[in-house]
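Lettering of chains follows the sequences in order, A, B, ..., and the numbering in each one begins at 1.
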Amino acid sequence: MTEVLVVVEATREFGVKKVTLELLTLARELGTPAAVVLGGPGAAAALGDRLGEYGAEKIYAAEHEEIDDYLVAPKATVLAELVRRVQPAAVLLASSQEGKEIAARLAVKLDNGVLTDVVGLAADGTATQVAFAGSTIVTSKVTRGLPLVTLRPNSVTPSPAAATPTVEQLDVALGEPDRLARVVERVAEQKGSRPELTEASVVVSGGRGIGNADNFKLVEELADLLGGAVGASRAAVDSGFYPHQFQVGQTGKTVSPQLYVALGISGAIQHRAGMQTSKTIVAVNKDAEAPIFELADFGVVGDLFKVVPQAAEEIRKRR
Amino acid sequence: MNIVVLVKQVPDSGADRNLRGADNTVDRGSANNVINEMDEYAIEEALRIKEAHGGEVTVLTMGPEKAAESIRKALSMGPDKAVHVLDDALHGSCAVATSKVLAAALGQLGADLVLCGAESTDGRVQVMPHMLAERLGIAALTGARKLTVDGGNLTVERQTEEGYEVVAAATPAVVSVWDTINEPRYPSFKGIMAAKKKPVQTLALADLGVAADEVGFAGATSTVLAHSRRPERSGGERVTDDGTGGTRLVEFLATEKFV
Ligand SMILES: Cc1cc2nc3c(=O)[nH]c(=O)nc-3n(C[C@H](O)[C@H](O)[C@H](O)COP(=O)(O)OP(=O)(O)OC[C@H]3O[C@@H](n4cnc5c(N)ncnc54)[C@H](O)[C@@H]3O)c2cc1C
Ligand SMILES: Nc1ncnc2c1ncn2[C@@H]1O[C@H](COP(=O)(O)O)[C@@H](O)[C@H]1O
């Protein structure tokens with residue numbers, strides 16, 4: 001069977017990202033999964049076991065001391081060469097900022113169509129996408145070149161299927177065009193041990209109703225009890241309650257967790273844009289007319305400063 | 001510094017948006033069309049750079065006739081002039097083809113700095129800046145929440161999932177911005193009046209040396225096969241807190257196996 005290239009994303013702290021495991025699961029239905037690790041020397045060895053557990057039959061190790069010193073360009077160069085050589089059945093990436101950026105450059109290099117924010121991909125290359133803030137479902141297809149697709153996290157349930165991958169080391173050479181945008185510094189902003197917002201299966205978000213930055217402790221506490229990530233509405237971010245990278249919505253992150261908890265959020269259309277494909281939605285709001293209740297599977301009309309601490313207490317009791 | 005700002009007209013994200021039944025393209029006829037919100041931040045950033053370092057700001061839009069309204073609106077904020085790429089053959093263009101057209105226009109304009117939004121609200125694909133940089137062979141600094149210009153050296157703080165990165169490049173470069181970078185100004189009455197007289201050059205595909213079959217439906221690299229409305233979510237159970245709201249919430253979470 002033809003290879004399906006999966007571009008691996010990993011973090012230093014947690015290793016292979018969940019979305020990559022989703023991609024490997026999807027790739028198994030389209031052909032032979034081949035994972036591509038792009039990183040510094042030793043990157044592939046560190047991730048190999050995990051990639052094998054989810055069915056990677058092959059690992060292409062594209063390693064170079066400098067590959068992470070520049071924004072995406074060197075990665076796209078290496079991938080374009082690989083695609084030309086192995087002629088895969090498809091190239092799958094995560095719909096993260098980096099995934100989309102690599103895909104954009106690949107599309108131009110290969111004169112190939114590209115589909116982003118895909119939530120499903122059939123064996124014949126037909127992709128499903130959600131458009132316009134989750135209100136419209138679209139089926140689409142790449143008509144020039146191979147299916148080059150970025151997958152939105154939480155679209156596929158990752159399932160293990162052990163394989164013993166062979167490793168092929170790729171020659172990586174950086175040219176001048178790859179070195180134009182230099183990463184001077186990477187700063188990790190602390191967020192404790194919480195899962196990443198877009199990948200989390202539970203997200204607890206706070207809005208303007210939380211009142212101030214200090215009160216966001218309430219949101220964090222509930223998130224931690226549920227093993228989830230913390231999100232925020234734009235009003236909460238604009239008021240300085242919580243940092244922008246946690247904003248959910250049209251101009252923030254799109255999340256699609258199993259459970260979304262909205263606390264003191266009215267449910268404006270631009271907020272819904274980022275969360276309405278969540279599996280289950282619950283809301284606490286003191287205004288019975290708040291539009292968030294139109295999509296909540298369970299809603300409590302009440303003061304969040306009473307409801308949330310009681311809920312937290314109840315979860316602790318049940319442990 | 002010669003700055004070009006990319007401005008896209010999109011249907012208002014605050015209202016209901018649709019695809020057209022006939023050809024699966026964005027319905028721009030019935031929608032209330034506005035400047036893609038993130039692009040207003042790009043315009044503001046361009047104006048601030050001009051104010052600090054001098055130069056000229058040009059707005060560049062590819063879009064149908066209607067997009068002219070957004071161009072005037074953009075000009076009323078303060079840019080000097082605009083270029084509108086307008087051609088019937090462009091209808092149905094995919095991102096790859098759009099980048100070909102915009103890159104050709106940028107090549108003619110010879111910008112030192114191309115500013116654009118980090119993503120558009122109708123497509124929200126985040127691909128254009130890197131596609132343009134790839135075609136033009138220049139740097140792309142994407143997702144900026146801060147931009148510093150020091151002669152021909154650009155430094156951005158770019159937000160990432162883990163925190164932020166400081167990324168540097170020399171001009172010419174493409175920089176895309178998030179809405180955290182500044183607070184766009186409102187057009188003044190004077191600005192609105194002045195915008196009416198600012199030059200807007202219209203370019204057709206032939207002026208850019210791009211063939212009609214490289215764009216539009218003819219040149220599309222991907223196609224939308226079908227679309228449908230996602231079933232509306234309906235509200236489920238709702239209780240009014242009588243002192244047991246928190247407990248009942250957890251009972252619900254327990255039946256759904258979240259606790
Ligand atoms: C182009 C554009 C893009 C946008 N992008 C985004 C985006 O990405 N994300 C986003 O979230 N928004 C976005 N917005 C803003 C959006 O329109 C709303 O303004 C925003 O979502 C409102 O946030 P909120 O629900 O927290 O605040 P509000 O609408 O002010 O709602 C606060 C809610 O808290 C409730 N409340 C107050 N106190 C309590 C209490 N003690 N107990 C219980 N409930 C309480 C109130 O009843 C109210 O319903 C965008 C807007 C535009 C124009
Ligand atoms: N047709 C267009 N005309 C002008 N600018 C555009 C066009 N399409 C995209 N852009 C610019 O590219 C940015 C990112 O768009 P996108 O890649 O579609 O999310 C937008 O915010 C615009 O600044």
Which bit of A:L180 comes within less than 4.5 Å of chain B, counting heavy atoms only: side chain, backbone, both or neither? both

Region of B:L253 that comes under 4.5 Å of a non-hydrogen atom in chain A: side chain

Can you say whether B:A220 sits under 4.5 Å from chain A via the side chain, the backbone, both, or neither, judging by heavy atoms? backbone

Structural part of B:M38 lying under 4.5 Å from a heavy atom of chain A: side chain

B:N2 side chain vs B:G110 backbone, donor-acceptor pair below 3.5 Å: yes

In a check of side chain to side chain contact (heavy atoms under 4.5 Å, CB included) between A:R152 and each of A:V118, A:V130, A:V255, which one passes? A:V130

Highest number of heavy-atom pairs under 4.5 Å with chain A: which of B:L249, B:L141, B:V96? B:L249

Chain B heavy atoms under 4.5 Å from A:N112: which part of the residue, side chain, backbone, both or neither? backbone

Would you mind checking if A:R318 and A:E314 are paired as a salt bridge, meaning a charged N to carboxylate O distance below 4.0 Å? yes

Side chain / backbone / both / neither for A:L295 at chain B, heavy atoms under 4.5 Å: both

Note: B:E165-A:R186 ion pair, threshold 4.0 Å (strictly below): yes

In terms of heavy-atom proximity below 4.5 Å to chain B, should A:R234 be classed as side chain, backbone, both, or neither? side chain

Name the region of B:E251, side chain, backbone, both or neither, that has any atom closer than 4.5 Å to a heavy atom of chain A. both

Please look at A:L71 and chain B and tell me whether the side chain, the backbone, both or neither of the residue comes under 4.5 angstrom of a heavy atom of that chain. side chain

So what's closer than 4.5 Å to chain B heavy atoms on A:V282: side chain, backbone, both or neither? side chain

For B:V259, is it the side chain, the backbone, both or neither that has a heavy atom under 4.5 Å from a heavy atom of chain A? side chain

Under the criterion side chain to side chain contact (heavy atoms under 4.5 Å, CB included), I'd like the reasoning laid out for B:I43 against B:V7: C-alpha separation, chi angles, the key distance, then a yes or no. CA-CA 8 Å; B:I43 298 169; B:V7 173; 3.9 Å; yes

Pair A:K306 + B:D241: basic N to acidic O under 4.0 Å: no

Which region of A:T277, side chain (C-beta onward) or backbone (N, CA, C, O), has a non-hydrogen atom less than 4.5 Å from a non-hydrogen atom of chain B, or is it both or neither? both

Salt bridge between A:K100 and A:D117, side-chain N to carboxylate O under 4.0 Å? yes

Salt bridge check, A:D68 against A:K75: does any charged N sit closer than 4.0 Å to a carboxylate O? yes

